[in-house]
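Right, one structure below, let's go through it.
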Amino acid sequence: MNIFYNIKNLIRESIEPLIGKYNINFKEVENFTVEIPKNKNYGDLSSNIAIIFSKVSKTNPLLIAEEIKIQICKKLNLLNSVDIVKPGFLNFKFKNKFWHTFLHNLKESFSTSFDIKKKKILLEFVSANPTGPLHVGHCRGAIFGDTLANLLSFIGNNVSREYYINDYGNQITYFVKSVYYRILELEKKKKFPNDPDLYPSNYIIDIAKNIIKKNIIKNFDNFNDVFENLKILSIDETMNMIKNDLSQIGIKHDKFISESNLVKKNIIDKAIDILSKKNLIYDGVLPKPKGNEVDDWEPRKQLLFKSTNFGDDIDRALKKSDNSWTYFANDLAYHLDKIERKYDLLINVLGADHAGYLKRQIACTHALSNNRQEIISKVCQLVKLYKNGEPLKMSKRAGDFVTLKNLIDEVGSDVVRFMMVYRTNDSELDFDFDLVKSQSKDNPVYYVQYAYARISSILRKVKKIQALKIEDLDELDNDIEINIIKKISEWPRCLELSANHYEPHRITFYLYELSSLFHTYWNLGNESNELKILNSNNDYNSRVFLISKIEMVLKQGFGILNIKALDKM
RNA sequence: GCACUCGUAGCUCAGUGGAUAGAGUACAAGUUUCCUAAACUUGGUGUCAGAAGUUCGAAUCUUCUCGAGUGCACCA
């Protein structure tokens, strides 16, 4: 049930005779819009069809509008009026009956409401290094990605959530070494070395203790001897920690892909081979980067991928100076792996600090797939924390960064999830602890949950929601009631736009607006008993029916956001 | 220097190429013996950073300028 499609279809049918008359191709006019005008004086829905049509047919838009109007009025008797306004808009105003009919026909499932091509989608997100717990920076991308996945699958796509474990390379070596030295410290009282490359934080000590407790490695005398085993154990520890943190905010990945495994399987060779055959691999020297001081820079011949052929700024190195593969080379392999698993669409969610990496990912995916693989990258900008009006400084080196776990423990999963998608991903986000902990309208999370709780409290008093006829809904004739129905009719539209633009924040805004309408509705009861949703008259069934539909939409929205629908607060 | 993102009301931000650009907050005044006041009502705000262009029509698209954030061989 999507009124926008209904009206669009109606217009399509209505212009059919005109297409013949003016001898134009339907394709030239099919991208007309049907939308809700900003200004209420312009009716409930508005279309620019006549303007588009007149442009193609080179005729007067107002006259075309008149002709279309005649056709439309033949077909829809629930119209109150169709106005034609300069420069050629058709503005529709519907009778209340139209809205009652919509509400009455509204079903739990909106599955028929989305005119999309269903896709098999691979969504990679989080993919934080397994060298420590998740912090606030990861959290936004994690929730953005998860909400997006929920949204895309809600409207009918098949979505896999994937986490790429960067369990390979220097960082991992330093991490394992850090665990190693903590174990020596615990077991043999050897002092932890003062090396800036090592990870000093306390969680390393916890990992060390756990590994000692497992007693799998008996002898820690030589680092190189225990490295492989210790690495597996250490990464296992952090990944469990990360998975646990993620589960606290309701995130569960379908698949974890290990970088080490990709390396073992020699997929890089295969990827390099493909690119070589396309002449996209060469030995060359990259220019010195400008703007930030690189002390130890020297011109160096390296194996390069010609990513500039695919829109990147410079070509990218595939081998390090020690002749081992770069991180990007492994990522190349990972993307080949993704391509071979045959998805219609790949989505990568990146943090702002990795945005510079985006072009080369897209470049290599296009290169490896002959431009056939569709890939989209979404970048989440930084989160800034505020407490007592002051920005919270975070420095990872000192180990005092705010972890995701800190955040959840302090404000709860619902608040974190909601607030992280209460902004477009493209903008920086201020996360204010004081605001988010307040139990008032300032706090949008409570505002929407409170609306749901109020509805629940009414529905608890109703023993059985009776099946209503459309005529029974005639009682819904207040402005606010009609406005609520209109808002509900926008729900599938909201979901579709959110999904098409990969912008889940539209959902939080919508839920806020719907909740606001409901709170207004509820408060009418303060004016008089007559206006209460439940009252002594027996006309309350239609009102209960209405709020049960609000409840349905809120519940669906909460489901996509994965926040709790609270019956009581 | 280059790339990406942002710049809209005092503040925090929405805004599918559409018409007179919207919310919240702050500020002020009111609403509760009554379905949960964690709520509601009523009040006015704009050089959509600036300039040019495309268009019947631009906050939205293009180019340039200014300002803010992020990143910039080999790390991950």
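Numbers restart at 1 for each chain; the letters A, B, ... are given by sequence-line order, proteins then strands. Keep in mind that the numbers below use all heavy atoms, side chains included, and drop hydrogens, waters and symmetry copies.
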So what does A:Q302 hit on the nucleic acid, given a heavy-atom distance under 4.0 Å: a base, only sugar-phosphate, or nothing?
-> sugar-phosphate
A:H354 ring over B:A76 six-membered base ring, under 5.5 Å and 30° = yes
Would you call A:K338 and A:E124 a salt bridge, using N to O less than 4.0 angstrom?
-> yes
According to the ring pair (Phe, Tyr, Trp, His ring centres under 6.0 Å) rule, which pairs have a member within residues 426-446 of chain A, sequence neighbours left out?
-> A:F431-A:F433
Test side chain to side chain donor-acceptor pair (under 3.5 Å) applied to A:R140 - qualifying residues, sequence neighbours left out = none
Say you pick atom P in B:A59 and the same atom in B:U54; how far apart are they, in whole Å?
-> 16 Å
Whole Å only: how far is the CD1 atom of A:I314 from the C1' atom of B:C2?
-> 9 Å
Indicate, with a heavy-atom threshold strictly under 4.0 Å, whether A:S457 touches base, sugar-phosphate, or nothing.
-> base
Dump every N/O contact between nucleotides 41-44 of chain B and the protein below 3.5 Å, one line per pair.
residue, atom, partner, partner atom, Å
B:U41, OP1, A:T520, OG1, 3.1

Does any pair with a residue in residues 38-52 of chain A pass salt bridge (charged side-chain N to carboxylate O under 4.0 Å, His left out), and if so which ones, sequence neighbours excluded?
-> A:D44-A:K486
Atom CD1 of A:I533 to atom P of B:C40: distance rounded to whole Å?
-> 13 Å
Counting any heavy atom closer than 4.0 Å, what does A:R316 reach on the DNA or RNA strands: base, sugar-phosphate only, or nothing?
-> nothing
Take the protein atom CZ of A:R460 and the nucleotide atom C1' of B:U36, then report the distance between them rounded to whole Å.
-> 9 Å
Aromatic rings A:H505 and A:F509: how do their planes relate, parallel, tilted or perpendicular, breaks at 30° and 60°?
-> perpendicular
Kindly say if A:W522 contacts the phosphate of B:A37, meaning a side-chain N or O under 4.0 Å from OP1 or OP2.
-> yes
Any cation-pi pair here, A:K555 with A:Y452, using under 6.0 Å and within 45°?
-> no
Whole-Å distance separating the OH atom of A:Y447 from the C1' atom of B:A38 | 11 Å
Residues at least two apart in sequence or cross-chain that pass side chain to side chain donor-acceptor pair (under 3.5 Å) with A:Y327, listed by chain then number, are A:N166
side-chain contact (heavy atoms from CB on, under 4.5 Å) partners of A:L531, counting only residues at least two apart = A:N478, A:L524, A:E527, A:S528
Write out a two-atom table: protein N or O, nucleotide N or O from nucleotides 19-23 of chain B, distance below 3.5 Å.
residue, atom, partner, partner atom, Å
B:A19, OP2, A:K38, NZ, 3.1
B:A19, O2', A:Y42, OH, 3.0
B:A19, N6, A:S46, OG, 2.3
B:A19, N6, A:N91, OD1, 3.0
B:A19, N1, A:N91, OD1, 3.2
B:A19, N1, A:N91, ND2, 3.1
B:U20, N3, A:N39, ND2, 3.1

Under the 6.0 Å and 45° cation-pi test, does A:R316 pair with A:F328?
-> no
Over 12 non-hydrogen atoms of neighbours within 6.0 angstrom of NZ in A:K378 = yes
Would you indicate what A:G169 reaches in the nucleic acid, counting non-hydrogen atoms under 4.0 angstrom: base, sugar-phosphate, or nothing?
-> sugar-phosphate
Any protein N or O atoms within reach of nucleotides 3-13 of chain B? Criterion: under 3.5 Å, listing atom names and distances.
residue, atom, partner, partner atom, Å
B:A3, O3', A:K359, NZ, 3.0
B:A3, O2', A:K359, NZ, 3.4
B:U5, O2', A:D426, O, 2.3
B:U12, O2', A:R423, NH2, 2.8
B:C13, O5', A:R423, NE, 3.3
B:C13, O5', A:R423, NH2, 3.4
B:C13, O2', A:R423, NH1, 3.4

Can you pull the salt bridge (charged side-chain N to carboxylate O under 4.0 Å, His left out) pairs that have at least one residue in residues 352-364 of chain A, sequence neighbours excluded?
-> A:D313-A:K359
May I ask you to say what A:L435 touches in the nucleic acid, namely base, sugar-phosphate or nothing, with a heavy-atom cut-off under 4.0 Å?
-> nothing
When all nucleic acid strands are considered with a 4.0 Å heavy-atom cut-off, which category describes A:D312: base, sugar-phosphate, or nothing?
-> nothing
Residue pairs passing the salt bridge (charged side-chain N to carboxylate O under 4.0 Å, His left out) test with at least one member in residues 503-516 of chain A, sequence neighbours excluded, are A:K487-A:E513, A:E503-A:R506
Grab the stems for RNA chain B, please: at least three consecutive Watson-Crick or wobble pairs, both distances below 3.5 Å, written as range with range.
-> B:1-7 with B:66-72, B:10-13 with B:22-25, B:27-31 with B:39-43, B:49-53 with B:61-65
Rounded distance in Å - CG (A:N523) to C1' (B:A38) = 12 Å
So what does A:A453 touch, heavy atoms closer than 4.0 Å: a base, only the sugar-phosphate, or nothing?
-> base
The side chain to side chain donor-acceptor pair (under 3.5 Å) partners of A:Y447 (sequence neighbours excluded) come to A:S516
Between A:H505 and B:G15, is there a side-chain N or O to OP1/OP2 distance below 4.0 Å?
-> yes
Does any donor atom in the side chain of A:E259 or A:Y334 lie under 3.5 Å from an acceptor atom in the other side chain?
-> no
Classify the angle between the aromatic ring planes of A:H135 and A:H138 as parallel (below 30°), tilted (30 to 60°) or perpendicular (above 60°).
-> tilted
